[in-house]
Colleague: 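Sending over a structure as structure tokens; questions will come in a sec.
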There are 2 protein chains.
Amino acid sequence: MGTTQLESVPEPKYWHLKTVLSDALDSEFAVGEILPNERELAARFGVARATLRQALEQLELEGRLQRRRGVGTTVAPPRMGVAVADAEHAWPGTAADAWQPVDSTEEAPPAALARLLGTEPGQVVHVVRRARKTRGQPVAAELLYVPADSVPGLAPLDAPAGPSRARAVLRELQQLRLEGQERAVELGSARADDAKQLDRLPGAPVLLVTTRYFADGRTAAVAVATYRADTCRLTFGESDGAGVRLLAG
Amino acid sequence: MGTTQLESVPEPKYWHLKTVLSDALDSEFAVGEILPNERELAARFGVARATLRQALEQLELEGRLQRRRGVGTTVAPPRMGVAVADAEHAWPGTAADAWQPVDSTEEAPPAALARLLGTEPGQVVHVVRRARKTRGQPVAAELLYVPADSVPGLAPLDAPAGPSRARAVLRELQQLRLEGQERAVELGSARADDAKQLDRLPGAPVLLVTTRYFADGRTAAVAVATYRADTCRLTFGESDGAGVRLLAG
DNA sequence: CAGTGGTCTAGACCACCAT
DNA sequence: TGGTGGTCTAGACCACTGA
């Protein structure tokens, strides 16, 4: 690795480094294997640690590596295929889906969500928190916003919070006839609480899935799900078809 | 901003900075406005430039900022809602969709794609490159892989490459009866060629949308679309419904 | 406790853009 | 040509993990 190659278009070092490391991962490392630590890798490639870290960050973003403080950097398994849009027209919480209710509170949603819900700014709604695991690993955290109008049968529970309250809200929601739903996916960074639930650091890259549920000609609920971008590939389409397996890896 | 606050859980500086800047963006800046340059911002907040940059990177990842070398850092407009899964069951290139054919070549796809396509490794297929623009801005670059089997009517053209060849492949593909499709979304980083087409730097975060098209009981084509993660929100569902507008903002 | 990745600093130079 | 963001360095200290 001579340093004085006359490159007419000088590729950044970290970019080249990423390529080299990526090839090495393909050919010389097995999934789960621990890489040499950052200081040694940097020395080995003759770059500053910050530069080496820039390359590792890219690879982590692409789901090739997994880094844990105090432990080390390991080779990540291929991303898990996670089905979004499970049954095409079903309320959340029906059947034994992948989600697990965590708790439920009553809060005023952020302004942007109040607009989606069609509620007054500052108006409190039910907020159901759910967690999703796949193969034992937490993959997503969700906040489901349900205006009181959408669950008229819900008793003004004395049950304060917790999973049972969450289940009660979901049960009531399922009384409505679902007319349709709408979904959007975008890149975000994990808020502190979500990060904790996902076993990541705050600011970790996540895929934000916003789902709007329609009933009675209006928005009955909105879910904002936060998926780990490093370990997940979101899949859409006929989710139980045999073909999905191939794409879902 | 005294430096010696006894925080039991010391928040990283860049994280706190991000919050402060985010609030400032909401209240004191208009879309398109230019922020002070990085050296001045760093001085103003009493941190190193690298730390300030870490905060800016986060905000850019969330689509709040846009940075251009030689120009400056500007406040980004809200993300554009981009409809994926346009008409639920349609081949690419039908009607006047948002995509524009760029060219078409014959190449051997990467191993992972050959597996999806069900072709032999090393087997050449048609590769159609398309570009997508919204409101004048490039938002996505796509490579559509079409095995020769899927377009039996395609004449062994002397037309070498270019948009007309791409259109010919798409036209032939549309002769098949589309039986279904499957989609997956994941986070990636822009390859050099895609980055150029998207007017971004290599390694920029992108949303990778992989679509498998089924016909005749097998995979007839696979598309890999690379969307700018900073400016796009991918929308799914009844894409022309009035309701989408709200979510698409 | 030693070793890991995460944060932070104060510089330097480079590539790009508008003027 | 001057100013911007992008890359890179060589250090330092901190937070966390596991033995």
Side-chain angles (χ1 to χ4, degrees), chain A residues 1 3-4 6-18 33-43 45-61 65-76 189-190 192 195-196 199-205 230, chain B residues 1 3-18 21 33-43 45-61 65-76 189-190 192 195-196 199-205 230:
Chain A
M1 300 276 296
T3 49
T4 47
L6 310 179
E7 306 186 15
S8 54
V9 179
E11 204 174 37
K13 276 190 188 179
Y14 78 90
W15 187 258
H16 181 242
L17 209 55
K18 185 199 129 182
E33 199 168 339
I34 301 182
L35 267 62
N37 71 56
E38 297 184 350
R39 289 160 180 88
E40 174 167 348
L41 278 178
F45 287 105
V47 299
R49 193 180 152 215
T51 304
L52 185 269
R53 276 179 62 80
Q54 214 171 337
L56 294 184
E57 259 148 42
Q58 285 263 345
L59 290 169
E60 194 180 26
L61 202 75
L65 292 179
Q66 196 162 350
R67 299 193 285 174
R68 273 172 304 170
R69 172 155 48 179
V71 179
T73 301
T74 58
V75 181
S189 50
K196 197 165 190 177
D199 192 23
R200 298 255 61 197
L201 292 175
D230 56 343
Chain B
M1 299 277 297
T3 49
T4 48
Q5 308 176 12
L6 309 179
E7 306 186 15
S8 55
V9 178
E11 205 174 37
K13 277 190 188 179
Y14 78 90
W15 186 258
H16 181 241
L17 251 183
K18 185 198 129 181
L21 286 170
E33 199 168 340
I34 301 182
L35 267 63
N37 70 55
E38 297 183 351
R39 289 161 180 87
E40 174 168 348
L41 278 177
F45 286 106
V47 299
R49 191 177 155 219
T51 304
L52 186 269
R53 276 179 64 80
Q54 216 172 336
L56 294 185
E57 259 148 41
Q58 285 263 345
L59 290 169
E60 194 179 25
L61 203 76
L65 291 179
Q66 195 162 351
R67 299 192 286 174
R68 273 172 303 170
R69 170 156 48 178
V71 179
T73 301
T74 58
V75 180
S189 50
K196 198 165 190 177
D199 193 23
R200 298 254 60 196
L201 291 174
D230 55 345

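These values consider heavy atoms only, across backbone and side chains, with no hydrogens, waters or symmetry-generated copies. Throughout, protein chains are lettered first and strands after them, A, B, ... in sequence-line order, and every chain is numbered starting at 1. Quantities reported herein were computed from a predicted structural model and do not represent experimental measurements.
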Colleague: Measure across B/Leu61 and A/Pro205 and return the closest heavy-atom pair with its distance rounded to 0.1 Å.
Modeller: CD2-CB, 4.5 Å
Colleague: Taking the side chain as C-beta and beyond, is there a heavy-atom pair between B/Trp15 and B/Gln58 under 4.5 Å?
Modeller: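 Yes, their side chains come closer than 4.5 Å.
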Colleague: For A/Gln54 and A/Val71, take the nucleotide of DNA chain D holding the closest heavy atom to each; which residue's nucleotide lies nearer the 5' end?
Modeller: A/Gln54
Colleague: Look at the side-chain N and O atoms of A/Thr73 and state whether any lies under 4.0 Å from the OP1 or OP2 oxygen of C/dG5.
Modeller: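 True: A/Thr73 side-chain N/O within range (under 4.0 Å) of C/dG5 OP1/OP2.
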Colleague: Could you state the NZ-P distance from A/Lys13 to C/dC14, rounded to the nearest angstrom?
Modeller: 12 Å
Colleague: Compare side-chain N and O positions of B/Tyr14 against OP1 and OP2 of C/dT7 and report whether any pair is under 4.0 Å apart.
Modeller: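 Affirmative; the distance criterion is met.
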Colleague: Is any side-chain nitrogen or oxygen of A/Thr51 closer than 4.0 Å to OP1 or OP2 of D/dT7?
Modeller: no
Colleague: Assuming nearest nucleotide by heavy-atom distance, tell me which of B/Leu35 and B/Ala50 is located more 5' along DNA chain D.
Modeller: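 This one resolves to B/Leu35.
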Colleague: OP1 or OP2 of D/dG3 less than 4.0 angstrom from a side-chain nitrogen or oxygen of B/Asn37, does that happen here?
Modeller: no
Colleague: Measure the spacing between CZ of A/Arg67 and CG of A/Asp230 and express it to the nearest 0.5 Å.
Modeller: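 If we round to the nearest 0.5 Å, A/Arg67:CZ and A/Asp230:CG are 11.0 Å apart.
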Colleague: Could you tell me the separation between the CG atom of A/Leu65 and the P atom of C/dG5, rounded to a whole number of Å?
Modeller: 11 Å
Colleague: Pairs under 3.5 angstrom, nitrogen or oxygen only, protein versus nucleotides 13-15 of chain D, please.
Modeller:
from   : atom 1 : to      : atom 2 : distance (Å)
D/dA15 : O4'    : A/Arg69 : NH1    : 3.4

Colleague: Just the rounded figure in Å: distance from C1' of D/dT7 to CD of B/Glu57.
Modeller: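 To the nearest whole Å, that distance equals 11 Å.
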Colleague: To the nearest Å, give me how far apart CG (B/Leu201) and P (C/dA15) are.
Modeller: 13 Å
Colleague: Holding to side chain to side chain contact (heavy atoms under 4.5 Å, CB included), I want the full list of residues that pass it with B/Arg68, two or more places apart in sequence or in another chain.
Modeller: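 Once residues adjacent in sequence are excluded, the partners of B/Arg68 under the side chain to side chain contact (heavy atoms under 4.5 Å, CB included) criterion are B/Val71, B/Thr74.
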Colleague: Measure the distance from NE2 on A/His16 to P on D/dT7 and round it to the nearest whole Å.
Modeller: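 One finds 16 Å between P of D/dT7 and NE2 of A/His16, rounded.
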Colleague: B/Arg200 CZ to C/dA15 C1': how many Å, rounded?
Modeller: 16 Å
Colleague: Rounded to the nearest Å, what distance is computed from the CD atom of residue A/Glu38 to the P atom of nucleotide C/dT7?
Modeller: 11 Å
Colleague: Can you check whether B/Arg53 has a side-chain N or O nearer than 4.0 Å to OP1 or OP2 of D/dG5?
Modeller: no
Colleague: For A/Arg68, answer base if it contacts any base atom (sugar-phosphate contacts may also be present), sugar-phosphate if it contacts only those atoms, and nothing otherwise; contact means non-hydrogen atoms under 4.0 Å.
Modeller: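 A/Arg68: backbone/sugar contact only, no base atoms under 4.0 Å.
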Colleague: Tell me the interatomic distance from A/Glu11, atom CD, to C/dA15, atom C1', rounded to whole angstroms.
Modeller: 15 Å
Colleague: With the side chain counted from C-beta on, respond yes when B/Thr51 and B/Phe45 share a heavy-atom pair under 4.5 Å apart, and no when they do not.
Modeller: no
Colleague: Do other residues, nucleotides or ligands put more than 12 heavy atoms under 6.0 Å from A/Asn37 CG?
Modeller: yes
Colleague: Does any non-hydrogen side-chain atom of A/Ser189 lie less than 4.5 Å from one of B/Lys18?
Modeller: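 In short, these two side chains touch, coming nearer than 4.5 Å.
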